[in-house]
Amino acid sequence: MAEPGEAAAPPSDLLAARRAKLEALRAAGVEPFPHAYPGVTPVAEVVAPHADLPAGEDSEAVARVAGRIAARRGQGKAAFLDLVDRSGRLQLHARRDVLGEEAFERLLSLDLGDILGVDGLVFRSRRGELSLRVDDYALLAKSLRPPPEKHHGLTDVETRLRQRELDLMANEATRDVFLTRARIVAATRRFLDDEGFVEVETPVLQPIYGGAAARPFTTHFNALDQTMYLRIATELYLKRCIVGGLERVYEIGKNFRNEGLSFKHNPEFTMIEWYEAYADYEVVARRTERLVAYVAAQAGYEGDLDFGAPWRRETLAGAIEARTGLDVLALRTRGALAEGMRERGMDVPPDDGWAQLVDLLLSKHVEPELVQPTFLIDYPVELSPFAKAHRTEPGLVERFEAFASGMEIANAFSELNDPDEQRVRFEAQARAAAAGDEEAHPYDEAFVTALEHGMPPTGGIGIGIDRLVMLLTGRTTIREVVLFPALRR
RNA sequence: GCGCCUCUAACUCAAUUGGUCAGAGUUCCGGACUUUUAAUCCGGCGGUCCGGGUUCGAUCCCCGGGGGGCGCACCA
């Protein structure tokens, strides 16, 4: 790989040849980087109306298209070029008797990867390919580097991720993923907007982070000479919006967590959180089912996951017992649960408390089994500092997480709105922090003060958009659904 | 952070497991060709991630470094 800071410029005369052409074009009075090319029609819209045009016949339609030259097949006094734009690919037929010798030769001297605009007549070739006869053309931008291999595309994972523009250029499947991602986000907004939610924007740069168990990215605000954090969740500010009376709010945005990379973790990732007054977690669960089913349909999802409501529901404790035989609610001390785990031959991390062991059992023995969309409900309070106590089960809170394809995709609660109880929870987190838990929640007095003004009963949820996109596009790593994922340097 | 694997032309791949074998296709250059579509045909340019070491000789072996992949750890 190239050294940092140095252009990745191999000593190749491929580059010199392209630069020489650039200068030759300028010398001939051709502007290689013109300002605009108005009136372009996507090639898919050029092709669509002519499905019935017989082979070998001209239409009466002319069109202006633009895109990148992807292939060229010379024929002496004529040539075919393939033009690719966002919507598809279209064959061009250039003829010397139509263009004249100079324009024809100049067109053929262009390189693969150059951006070209064309006016021409729609026809179908003898071999049946819908094509455009080039009547006039303009170079719209000269490409000074060779594009990826035209048959095999670009396969090198590192190049695909570091130079996503080349991946998008060469691989239609990559373009499809990100177009689908855009549809998923748009459909999510549409769904919530139609149900009376207000989209808001809360601070990304925060004096105190909170709302999740994670280590933050830390930075410094020079003007105030104070430490700032990139948010790890939008939760606390959104609940302050509920206190303020907005009643139904959502935010789609990036969160940042200073944790490891994996197929399902990127340090910055997109989350939607919504909060609705007067709702509990059951109301939120039902809305989640409808939202995801709607989004999947809008994204054209045709895979094996059935997002139709209702999703399967299991209690967390029941799910663990069914798969390990351990009743974590009966083994309610660290010692008892650890003993039970050891009896079954499981390793017990020495520093984990009871709640961490429950979390471990969940992630090791339950989560991977949850392929079809499933809600796990009713979590231990120790794992859930912002969730309201369960109305009938002592020691539990009203919380669910949603899973699919063995991966968590959402986390929701009946929100804790008792400020005194919230203060107690923060104090417990502070003790955990003092004991060395780097992911304990910092005490957020501004949030508690807000709760003291009175927050209505509220249900809230966070859904990982990247993971949802993974499910709906059939990708198995988050890097395939994030345009520019985190890589070393 | 740990373990395993990996790095050959701009791109997609092959080869040697120490010795005139670093090769093919794409791209690009030159030539032929007015309905091709991985167009075809002829000729040409171009390379072993970096730094050390062993050796008569290293792309191949050893050490160190860098990038990447997978797994683990971490991570609601």
Side-chain angles (χ1 to χ4, degrees), chain A residues 1-4 8-21 55-56 69-82 89 91-99 104 109 111-113 123-129 131 133 143-163 166 169-170 211-215 232-233 257-267 269 271 316 349 355-356 358-360 362-363 367 376 379 383-387 399-403 407-413 438-439 462 464 477 479 487-489:
Chain A
M1 277 295 100
E3 291 301 311
S12 166
D13 57 0
L14 288 175
L15 303 182
R18 286 179 181 242
R19 288 200 172 273
K21 287 186 180 184
I69 301 174
R72 180 179 47 222
R73 296 174 290 281
Q75 289 286 324
K77 297 183 180 65
F80 295 93
L81 300 99
D82 289 342
R89 177 182 286 245
Q91 175 170 272
L92 308 176
H93 191 207
R95 300 169 49 146
R96 193 165 77 171
D97 59 357
V98 172
L99 288 168
F104 179 76
S109 76
D111 295 318
L112 299 198
F123 74 102
R124 192 175 293 280
S125 73
R126 286 176 209 162
R127 295 289 182 91
E129 174 104 4
S131 308
R133 190 192 68 211
S143 167
L144 295 175
R145 292 178 182 271
E149 217 270 354
K150 69 180 179 182
H151 313 313
H152 304 88
L154 180 65
T155 60
D156 180 74
V157 173
E158 185 176 359
T159 306
R160 288 185 48 238
L161 299 181
R162 284 193 192 277
Q163 294 179 265
L166 299 182
M169 184 188 302
R215 284 182 282 179
I232 61 173
R257 297 186 184 176
N258 206 338
E259 312 280 5
L261 296 164
S262 83
F263 73 93
K264 57 183 175 182
H265 294 94
N266 195 58
F269 63 100
M271 179 106 105
L316 173 60
Q356 282 72 40
V358 170
D359 205 27
L360 182 70
L362 164 62
S363 61
E367 183 170 358
L376 292 187
Y379 280 60
L383 293 172
S384 316
F386 299 105
R399 170 183 175 185
F400 71 78
E401 291 186 306
F403 297 85
M407 186 169 65
E408 182 201 342
I409 58 170
N411 179 31
F413 335 124
E438 293 187 71
E439 290 171 357
T477 108
R479 295 175 321 182
L487 296 173
R488 191 179 302 276
R489 206 173 28 109

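Predicted, not measured: the structure shown is a model, and the values here were computed from it. A, B, ... follow the sequence lines: proteins, then strands. Residue 1 opens every chain.
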**Fill in**
Residue set satisfying side-chain contact (heavy atoms from CB on, under 4.5 Å) with A:E408, at least two apart, ordered chain then number -> A:E367, A:E401, A:F403, A:N411, A:R467
Which nucleotide in [options] has an atom nearest any side-chain atom of [X]:
| X | options | result |
| --- | --- | --- |
| A:R162 | B:rA10, B:rG68, B:rU35 | B:rG68 |
| A:A17 | B:rC28, B:rG67, B:rA10 | B:rC28 |
| A:S125 | B:rU37, B:rC33, B:rU26 | B:rU37 |

Sugar-phosphate only, base, or nothing, as touched by [X] at under 4.0 Å among non-hydrogen atoms:
| X | value |
| --- | --- |
| A:E259 | sugar-phosphate |
| A:A214 | sugar-phosphate |
| A:F403 | nothing |
| A:L261 | base |
| A:D97 | base |
| A:L166 | nothing |
| A:F386 | nothing |
| A:R399 | base |

**Asked** Is it true that A:R73 and A:D82 have a side-chain N and a carboxylate O under 4.0 angstrom from each other?
**Response** yes
Within the pair [X] and [N], is there a side-chain N or O less than 4.0 Å away from OP1 or OP2?
| X | N | result |
| --- | --- | --- |
| A:R73 | B:rA39 | yes |
| A:K150 | B:rU12 | no |
| A:R124 | B:rU35 | no |
| A:R127 | B:rU36 | yes |
| A:T155 | B:rC13 | yes |
| A:R479 | B:rC70 | yes |

Tell me which nucleotide, if any, is Watson-Crick or G-U wobble paired with [N] when both distances must be under 3.5 Å.
| N | value |
| --- | --- |
| B:rG1 | B:rC72 |
| B:rC13 | B:rG23 |
| B:rC61 | B:rG53 |

**Prompt:** On RNA chain B, nearest-nucleotide positions of A:T477 versus A:G153: which is more 5'?
**Reply:** A:G153
**Asked** Want to settle it: does A:K21 or A:G211 sit nearer the 5' end of RNA chain B, counting the closest nucleotide to each?
**Response** A:K21
Roughly how far apart, to the nearest Å, are [N] and [M] at atom [atom1]?
| N | M | atom1 | result |
| --- | --- | --- | --- |
| B:rG30 | B:rC50 | P | 32 Å |
| B:rU27 | B:rA38 | P | 13 Å |
| B:rG31 | B:rG19 | P | 42 Å |
| B:rG71 | B:rA39 | P | 37 Å |
| B:rG25 | B:rG46 | P | 16 Å |
| B:rC11 | B:rU16 | C1' | 23 Å |
| B:rU12 | B:rC33 | C1' | 28 Å |
| B:rG43 | B:rU36 | P | 25 Å |

Grab the [atom1]-[atom2] distance between [X] and [N] for me, whole Å please.
| X | N | atom1 | atom2 | value |
| --- | --- | --- | --- | --- |
| A:H151 | B:rC11 | NE2 | P | 16 Å |
| A:L81 | B:rU34 | CG | P | 16 Å |
| A:R72 | B:rU37 | CZ | P | 16 Å |
| A:L161 | B:rC7 | CG | C1' | 16 Å |
| A:L360 | B:rA73 | CG | P | 9 Å |
| A:D82 | B:rU27 | CG | C1' | 15 Å |
| A:L14 | B:rA10 | CG | C1' | 6 Å |

**Message:** For a side-chain contact (heavy atoms from CB on, under 4.5 Å) check, start with the C-alpha distance between A:R399 and A:L383, then their side-chain angles and the critical distance, and finish with the verdict.
**Reply:** CA-CA 10 Å; A:R399 170 183 175 185; A:L383 293 172; 3.9 Å; yes
**Request:** Hey, can you tell me if A:F123 and A:H93 have their rings parallel, tilted or perpendicular (30° and 60° cut-offs)?
**Result:** tilted
**Message:** For a quick test of reading the model, state the closest non-hydrogen atom pair linking A:F104 to A:K77 and the distance between them.
**Reply:** CZ-C, 3.5 Å
**Prompt:** Which atoms form the tightest heavy-atom contact between A:I232 and A:R215, and what is the distance?
**Reply:** CG2-O, 4.3 Å
Base [N] to side chain [X], donor-acceptor N/O within 3.5 Å cut-off:
| X | N | result |
| --- | --- | --- |
| A:E149 | B:rU27 | no |
| A:E158 | B:rG69 | no |
| A:Q75 | B:rU35 | no |

**Prompt:** Is there a side-chain contact between A:N258 and A:P267 (heavy atoms, below 4.5 Å)?
**Reply:** no
